[in-house]
Amino acid sequence: MFNRSEYVSDPEWERFRDVSKDFATPNIFTSLHVIKRRYSQLVDSFPYASIYYAVKSNPGIPVIKMLDSLGANFDIASRYELDEVLALGISPDRISYGNTIKKAEDVKYFYEKGIRMFATDSKDDLKNIAVYAPGSRVYVRILVENSTTADWPLSRKFGCHPDMAYDLLVLARDSGLTPYGISFHVGSQQRDIGQWNDAIAKTKYLFESLEEEENIKLTMINMGGGFPAHYIQPTNELKDYASEISRYLHDDFGENIPHIVLEPGRSLVGDSGIMTTQVVLISRKNNTALQRWVYLDAGKFNGLIETLDESIKYPIVTDKDGGREGEVIIAGPTCDSADIMYENEKYKLPLDLKSGDNVYWLATGAYTSSYASVKFNGFPPIKSYYITERGVEDDLGNVVKARSK
């Protein structure tokens, strides 16, 4: 159904097959080489921006170590991520607390660890920052009306109306904090570049009105993430995103573009991962059913939660591709009727596929290994491995050998 070489090059595929062949399924193998290449492309495309990697997208120690060596900064969502990053010797001045939903004690914890940059979008959260992180820089996240062109929208729960953002930045100044900037997120896997234009225009309005009316000069725009990985739906190349977004910034800010922060996650690590699952069972619901049900040993609760509502559509390949195919419904192994990945989207798999065969999910480097249940139905978390120059490493950066199937 899919041309594997359009997503994974022949050398990368051969390396993956060689190092992963003796590991028990399900598992995810992440190529650090691919992430390094994506990072270089991002830096080249946005030379004026600071990159804050969204750790939540793939928190593997090998990934963080490599991005640290390349000079990346880090966007942190919880104190647990913070501890992991600080334990690697990363300086707190390269870390932003980007979660707008946080406990007062967590604000205090971050401040005591040296973090001085905080996101917010509500009055109560801002008051906690003023009390427990005095003098810190704050940036306010505004609401962006994600369209259906974002495969994983992030509106409603995060951000506030621009009028409230205005009030919060005034309150920040009056509370002894440093009003730093505005942030937004146009939605994950956003295929409409024009969404950035609308968000930047709202940001420009806030910059101007706060300076003219309150003498508050903001100096930073955090444009979040949204750049795509390569799934089924076509997207523009990163260079096209960069060219258009740079034009939007110049149109609104001229030569006085503020400091730009990007928080990439999916676009950095998505294409780096290959998940290997195994066919548990193939069945039909009646003797004349045209569609087969293909049950795999991983599903929504074990790495594939972003197939919820069939939002993210991963390319899938098998060792038997090239022959006759038929439509399938693809489901996971748990005793939950919601554990169906694709039913409406008409995936096709080989007709001679059978129990025990491997099914490979491409572009699964983001929001898979960390976005899974711990013990639903007793199934353990999916195993994650990293292909590095040293060989195969686990989540903690230890070199590992294949484990028996």
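Start at 1 with the first residue, then count along the sequence.
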Open item on the list: With salt bridge (charged side-chain N to carboxylate O under 4.0 Å, His left out) as the criterion, how do D251 and R247 come out once you've worked through the C-alpha distance, each side chain's angles and the decisive distance to 0.1 Å?
Closed with: CA-CA 6 Å; D251 285 349; R247 181 171 66 83; 3.7 Å; yes
Open item on the list: Run the ring-ring contact (aromatic ring centres under 6.0 Å, His included) test on F301 and F379 for me, step by step, so that the C-alpha distance in whole Å, both residues' side-chain angles and the decisive distance to 0.1 Å come before the verdict.
Closed with: CA-CA 9 Å; F301 304 101; F379 290 106; over 10 Å; no
Can you establish whether the number of heavy atoms outside [X] located under 6.0 Å from its atom [atom1] is more than 12?
{"X": "K346", "atom1": "NZ", "answer": "yes"}
{"X": "K375", "atom1": "NZ", "answer": "no"}
{"X": "N286", "atom1": "CG", "answer": "yes"}
{"X": "M220", "atom1": "CE", "answer": "yes"}

Gap between atom [atom2] of [Y] and atom [atom1] of [X] - 0.5 Å precision:
{"X": "L304", "Y": "I340", "atom1": "CG", "atom2": "CD1", "result": "13.5 Å"}
{"X": "E81", "Y": "F74", "atom1": "CD", "atom2": "CZ", "result": "11.5 Å"}
{"X": "F207", "Y": "L169", "atom1": "CZ", "atom2": "CG", "result": "9.0 Å"}
{"X": "E12", "Y": "H33", "atom1": "CD", "atom2": "NE2", "result": "5.5 Å"}
{"X": "H250", "Y": "E255", "atom1": "NE2", "atom2": "CD", "result": "6.0 Å"}
{"X": "S384", "Y": "I28", "atom1": "OG", "atom2": "CD1", "result": "4.5 Å"}

TODO: Test Y314 against Y347 for ring-ring contact (aromatic ring centres under 6.0 Å, His included), laying out the working first.
DONE: CA-CA 10 Å; Y314 298 101; Y347 275 73; 9.3 Å; no
Within the 4.5 Å heavy-atom criterion, are [X] and [Y] side-chain neighbours or not?
{"X": "V19", "Y": "Y385", "answer": "no"}
{"X": "L42", "Y": "P264", "answer": "yes"}
{"X": "I95", "Y": "M117", "answer": "no"}
{"X": "L351", "Y": "R292", "answer": "yes"}
{"X": "D336", "Y": "F376", "answer": "yes"}
{"X": "E237", "Y": "H230", "answer": "yes"}
{"X": "F16", "Y": "V8", "answer": "no"}
{"X": "R17", "Y": "D319", "answer": "yes"}

Task: T203 (side chain) donor-acceptor with A199 (main chain) under 3.5 angstrom - done: yes
Task: Expected output: side-chain K348 to main-chain E325 donor-acceptor under 3.5 Å - done: no
Task: Derivation and outcome, ring-ring contact (aromatic ring centres under 6.0 Å, His included), residues F227 and W196 - done: CA-CA 11 Å; F227 307 129; W196 275 270; 5.4 Å; yes
Is it true that [Y] and [X] share a donor-acceptor pair across their side chains at a distance under 3.5 Å?
{"X": "Y180", "Y": "R116", "answer": "no"}
{"X": "Y241", "Y": "S267", "answer": "no"}
{"X": "S57", "Y": "Y53", "answer": "yes"}
{"X": "D321", "Y": "Y360", "answer": "no"}
{"X": "N73", "Y": "S50", "answer": "no"}

- [ ] May I ask you to decide if the ring planes of Y342 and W361 are parallel, tilted or perpendicular, using 30° and 60° as cut-offs?
- [x] parallel
- [ ] Please work out which of the three classes, parallel, tilted or perpendicular, describes the rings of Y48 and F46, given edges at 30° and 60°.
- [x] perpendicular
Open item on the list: Looking at D68 and R94, is any side-chain nitrogen of the basic one under 4.0 Å from a carboxylate oxygen of the acidic one?
Closed with: yes
Open item on the list: With a 4.0 Å cut-off on N to O distance, would you call R79 and D106 a salt bridge?
Closed with: yes
What is the minimum heavy-atom distance between [X] and [Y], and which atoms define it?
{"X": "I64", "Y": "P59", "result": "CD1-O, 3.6 Å"}
{"X": "I382", "Y": "S369", "result": "CG2-CA, 4.1 Å"}
{"X": "P62", "Y": "D395", "result": "CD-O, 3.4 Å"}

TODO: Evaluate the criterion salt bridge (charged side-chain N to carboxylate O under 4.0 Å, His left out) for residue pair R4 and D10; output intermediate values, then yes/no.
DONE: CA-CA 9 Å; R4 186 269 307 158; D10 290 342; 2.9 Å; yes
Task: Stepwise side-chain contact (heavy atoms from CB on, under 4.5 Å) check, I221 with F253 - done: CA-CA 11 Å; I221 301 175; F253 290 94; 3.7 Å; yes
Open item on the list: Under the side chain to side chain contact (heavy atoms under 4.5 Å, CB included) test against T120, which residue among I101, N128, I129 passes?
Closed with: I129
TODO: Have a look at Y386 and tell me which of V399, N58, I35 forms a side chain to side chain contact (heavy atoms under 4.5 Å, CB included) with it.
DONE: N58
Open item on the list: For D240 and T235: C-alpha separation, side-chain torsions, deciding distance, then whether side-chain contact (heavy atoms from CB on, under 4.5 Å) applies.
Closed with: CA-CA 10 Å; D240 298 319; T235 65; over 6 Å; no
Task: Stepwise side-chain contact (heavy atoms from CB on, under 4.5 Å) check, V279 with K354 - done: CA-CA 7 Å; V279 177; K354 64 181 187 302; over 6 Å; no
Open item on the list: If you apply the rule side chain to side chain donor-acceptor pair (under 3.5 Å), what do you find for S311 with D309, and how did you get there?
Closed with: CA-CA 5 Å; S311 297; D309 296 328; 5.0 Å; no
Task: Working for salt bridge (charged side-chain N to carboxylate O under 4.0 Å, His left out), residues D75 and K56 - done: CA-CA 8 Å; D75 167 55; K56 57 184 172 289; 3.3 Å; yes
TODO: Would you check, one step at a time, whether the test side-chain contact (heavy atoms from CB on, under 4.5 Å) holds for V392 with F23?
DONE: CA-CA 11 Å; V392 177; F23 283 79; 4.1 Å; yes
Open item on the list: Assess the residue pair D339 and T334 against the criterion (side chain to side chain donor-acceptor pair (under 3.5 Å)); give the C-alpha distance rounded to whole Å, side-chain angles, the decisive distance to 0.1 Å, and a yes or no.
Closed with: CA-CA 7 Å; D339 195 10; T334 65; 2.7 Å; yes
TODO: Identify which one of R37, K36, R266, R38 satisfies the salt bridge (charged side-chain N to carboxylate O under 4.0 Å, His left out) criterion when paired with D271.
DONE: R38
Open item on the list: Taking side chain to side chain donor-acceptor pair (under 3.5 Å) as the criterion, tell me which of D357, D352, N358 meets it with K320.
Closed with: D357
